[in-house]
Structures are given as C-alpha cells and as structure tokens.
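A quick write-up on the structure given underneath.
Within every chain, numbering begins at 1; the chains are lettered A, B, ... in the order of the sequence lines, protein sequences first and strands thereafter.
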2 protein chains.
Amino acid sequence: MSDAVSRFLHSWTRLRPDLDLSTVAAMGRVLRLAALMNNITEDGLAGAEVTRPEFEVLAALRRSPDGLRPRQLTRETIASGASTTKRLTRLESAGLITRTPLERDRREVQVRLTDRGRTLADTLFAAQLDREATVLAPLSTDEQAQLADLLARVLAPIDRA
Amino acid sequence: MSDAVSRFLHSWTRLRPDLDLSTVAAMGRVLRLAALMNNITEDGLAGAEVTRPEFEVLAALRRSPDGLRPRQLTRETIASGASTTKRLTRLESAGLITRTPLERDRREVQVRLTDRGRTLADTLFAAQLDREATVLAPLSTDEQAQLADLLARVLAPIDRA
DNA sequence: AAAAAGTAATTCACAAGTAAATTATATTAG
DNA sequence: CTAATATAATTTACTTGTGAATTACTTTTT
C-alpha cells in the first residue's frame with residue numbers, strides 16, 4: 001500500500017526501531033482519512049448555504065424530530081459550547097432553525113429545523129452519502145461492514161452517551 | 001454496538017428508509033473516532049510546549065532527517081499554506097526548528113528540527129503512541145492490522161504523493 | 001536577453017474556534 | 001424560606017485557521 005501513512009511508517013521504523021509503531025498503521029490512517037474526507041465534504045459544500053460544521057448541526061437535528069438542546073448538539077458534533085452558540089445564531093438568522101426556550105426549565109432552549117432547514121438538510125445529506133460512497137468504493141459491501149464493526153468496537157468505550 | 005453512530009443510523013433508517021445508509025456505518029465512525037482521538041491528543045498535550053497541530057509538524061520533520069520544505073509540510077499535515085507559515089514562525093521562535101533558504105532555489109526554505117525540537121518530538125511521539133494503543137486496545141493485534149489494511153485501501157486512491 | 005508566466009513562501013484581512021466570565025434559572029442545604 | 005451551589009446558554013476576549021494578494025524568485029517563451 002502506498003498511501004502517506006505507509007511511507008510515514010517506513011521512515012519511523014528505520015529511525016526508531018525501538019518503538020512499537022503498530023498502532024500508527026491503523027490510527028494514523030483513521031486520522032488521515034477523516035481529514036481528507038472533511039476536505040472532500042468542504043469542497044462538495046462550496047457554494048452551498050452552509051459550511052460543513054453547520055451542516056453537521058442540521059444533520060443532527062434532522063434525525064431528531066422533536067429537536068435538540070444546544071448541549072446535546074455540542075456533544076454530537078464534538079465541538080465547544082461557544083462554537084455551538086455561534087453556529088445556531090448563524091443558522092437561525094439564515095432561517096434554517098428556530099430556538100424556543102423550554103417551559104420546564106427556562107435556562108434551556110429547544111432547537112428545531114424549519115421546513116427550509118429540513119429540506120436543505122435532506123438535499124445536503126443525500127449528496128454527502130454519495131461522496132462517502134465514492135470514497136469507500138474500493139471496499140466491497142462486506143468489507144465496509146467489517147470496517148464499520150472494527151471501528152464500532154474501538155468507539156464503544158470512548159463514545160458513551 | 002452502542003456508539004453514537006449506531007444510534008445515529010437507527011434514527012436515520014426510520015426517518016428515511018429510502019436512503020442507502022450503508023456508508024455511514026463506516027465513514028461516520030471514521031470521522032467520529034478521528035475527532036475523539038484528536039481531543040484525547042489535545043488533552044494529553046495540555047501543558048506541553050506545543051499544540052497538536054504544531055506537534056504534527058514536529059513529527060513530520062522528525063522522520064525526515066534532512067528536513068522538509070513548507071510545501072511538503074502543508075501536504076503532510078493537510079493544512080493551508082498560511083497556517084503552515086504561522087506554525088513554523090511560532091516553532092522557530094520557540095527554538096524548535098530552523099528555516100534556511102535553499103541554495104538551488106532561493107524561493108524555497110529548508111525546515112529542520114533543532115536538537116531541542118528533536119528531543120521534544122521524540123518525547124511527545126512516544127506519549128502519542130501510548131494514547132493510540134490505549135484507544136485501540138479493544139482490538140487484537142490481528143484486528144488492528146485488518147483495520148489498517150482496509151483503511152489503506154480506501155486511502156490509496158485519494159492520498160497520492 | 002527581455003518579457004511573460006509560473007511557483008514557494010509569506011502577509012493581510014477576515015472568519016471560525018475556544019476557554020473563561022457572565023447571565024439567568026433551577027436545585028440543594030441549612 | 002433564604003443562601004449557596006449547580007447548570008445551560010451566551011458573551012467576551014483572544015487564538016488559530018484560511019483565501020487572496022504580495023513578494024521574491026525561477027523558468028519558459030519569443
């Protein structure tokens with residue numbers, strides 16, 4: 001395999017034969033694939049009404065029919081609270097979401113997609129699935145499932161709700 | 001599996017049974033694991049002399065004994081040129097790297113680790129390997145190799161030098 | 001050899017992200 | 001019940017990242 005990580009590994013093995021580099025082969029590639037996929041997504045969203053992080057907020061809301069609170073969005077998108085507030089302010093003034101204070105606890109806010117927000121989320125999500133399918137094309141359906149399973153086992157302990 | 005992505009998938013399947021969500025199981029987890037691993041790395045580097053992106057520059061330089069040019073660092077770290085310049089300026093004034101104009105083409109610059117930079121890179125890299133090993137612990141050595149192999153095949157077409 | 005085109009690094013102007021402080025509300029302890 | 005503590009969202013002050021313009025060359029064309 002001649003990706004950047006295999007060159008990386010080769011250099012390190014020669015320089016530091018004392019180190020156990022076995023994790024780099026897997027984790028280095030996870031990090032690199034994610035960075036490249038994020039670039040591909042951003043290119044695909046060029047000219048769209050929202051950026052990639054904003055799209056991630058829309059996608060999280062799309063699959064929660066009753067909406068979510070900012071705190072949950074922060075966790076789902078792995079961002080800071082401050083950045084969630086900024087994205088919500090931007091999405092609200094673009095007419096893609098609404099924010100309504102909760103009755104039972106007025107510190108909290110319920111965030112919901114507007115109709116326009118839902119339509120946009122659906123359009124962009126379909127395009128995102130296409131981009132992901134293109135990138136994953138080198139693997140068979142079985143292999144993709146195998147990959148998903150291995151990753152799920154790594155994630156389970158560190159990605160608890 | 002009860003990670004965030006499996007809940008994500010479950011919701012989407014109910015909402016949009018028309019979509020082919022098979023890619024999300026794998027790619028969604030790649031993106032999520034990378035984001036969580038980056039957080040873990042940043043926590044681990046708290047109090048260190050460099051940030052995670054700066055560490056990535058040091059690591060790329062560490063495995064290139066003759067140094068690299070900014071352009072190559074930009075590609076290796078998947079960043080913008082402007083951001084590479086900023087990081088190099090910062091690392092240079094911290095005494096961790098040197099920048100020397102090349103003889104054969106004076107537009108270019110050779111970036112090299114100082115002794116202190118190399119020592120720091122080695123220390124931080126060893127700690128990074130430990131963190132990665134901890135995260136990957138749910139998988140056997142064989143499974144980690146299998147994961148690496150699947151990812152390498154996805155990366156090969158999109159990660160050419 | 002001069003002009004035009006191309007390229008590497010940097011600078012500039014601005015956008016996006018975050019930790020820490022603040023505001024508003026709810027919960028717990030005395 | 002009041003004071004102290006805790007929590008959610010936001011604001012503030014600042015850091016980091018980036019596209020586009022600039023600078024300093026090098027290469028190609030005529």
Pair Arg7(A)-Ser11(A), side-chain donor/acceptor within less than 3.5 Å: no
Any N/O pairs under 3.5 Å between the protein and nucleotides 14-17 of chain C? List them or say none.
from, atom 1, to, atom 2, distance (Å)
dG17(C), OP1, Arg87(A), NH2, 2.9
dG17(C), N7, Lys86(A), NZ, 2.8
dG17(C), O6, Lys86(A), NZ, 3.0

side-chain contact (heavy atoms from CB on, under 4.5 Å), paired with Ile97(A), selected from Val57(A), Leu88(A), Thr114(A): Leu88(A)
Closest to the Arg71(A) side chain, choosing from dT10(D), dT11(C), dA8(D): dA8(D)
Side-chain donor-acceptor contact under 3.5 Å, Ser22(A) with Asp20(A): yes
Atom-to-atom span, CD of Gln72(B) to P of dT7(C) - whole angstrom: 16 Å
Side-chain donor-acceptor contact under 3.5 Å, Gln128(A) with Arg131(A): yes
Ion pair check, Arg87(A) and Glu54(A), cut-off under 4.0 Å: no
Spacing of CD belonging to Glu76(A) relative to OG1 belonging to Thr84(A), to within rounding of 0.5 Å: 10.5 Å
Arg52(A) atom CZ, neighbour heavy-atom count above 12 within 6.0 Å: yes
Distance in angstrom units between Asn38(B) CG and dT18(C) P, rounded: 12 Å
For atom CG of Leu102(A) and atom C1' of dT7(D), their distance in whole Å: 14 Å
Please enumerate all protein N or O atoms sitting under 3.5 Å from an N or O of nucleotides 20-27 of chain D, with distances to 0.1 Å.
from, atom 1, to, atom 2, distance (Å)
dT26(D), OP1, Arg106(B), N, 3.3

Phosphate-side-chain proximity, Arg99(B) and dT10(C), N/O vs OP1/OP2 below 4.0 Å: yes
Spacing between Leu73(B) atom CG and dA8(C) atom C1', to the nearest angstrom: 13 Å
Donor + acceptor pair across side chains of Arg29(A), Ser6(A) (<3.5 Å): no
Nearest-angstrom distance from the residue atom CG of Leu88(B) to P of dT11(C): 11 Å
Atom pair distance, as rounded to whole Å: CZ in Arg69(A) and P in dT25(C): 17 Å
Rounded distance in Å - CD (Glu108(A)) to C1' (dA6(D)): 13 Å
Glu42(B) CD - dA19(C) P separation (whole Å): 9 Å
Test side-chain contact (heavy atoms from CB on, under 4.5 Å) applied to Arg63(A) and Leu9(B), Leu15(B), Thr13(B), the passing residue: Leu15(B)
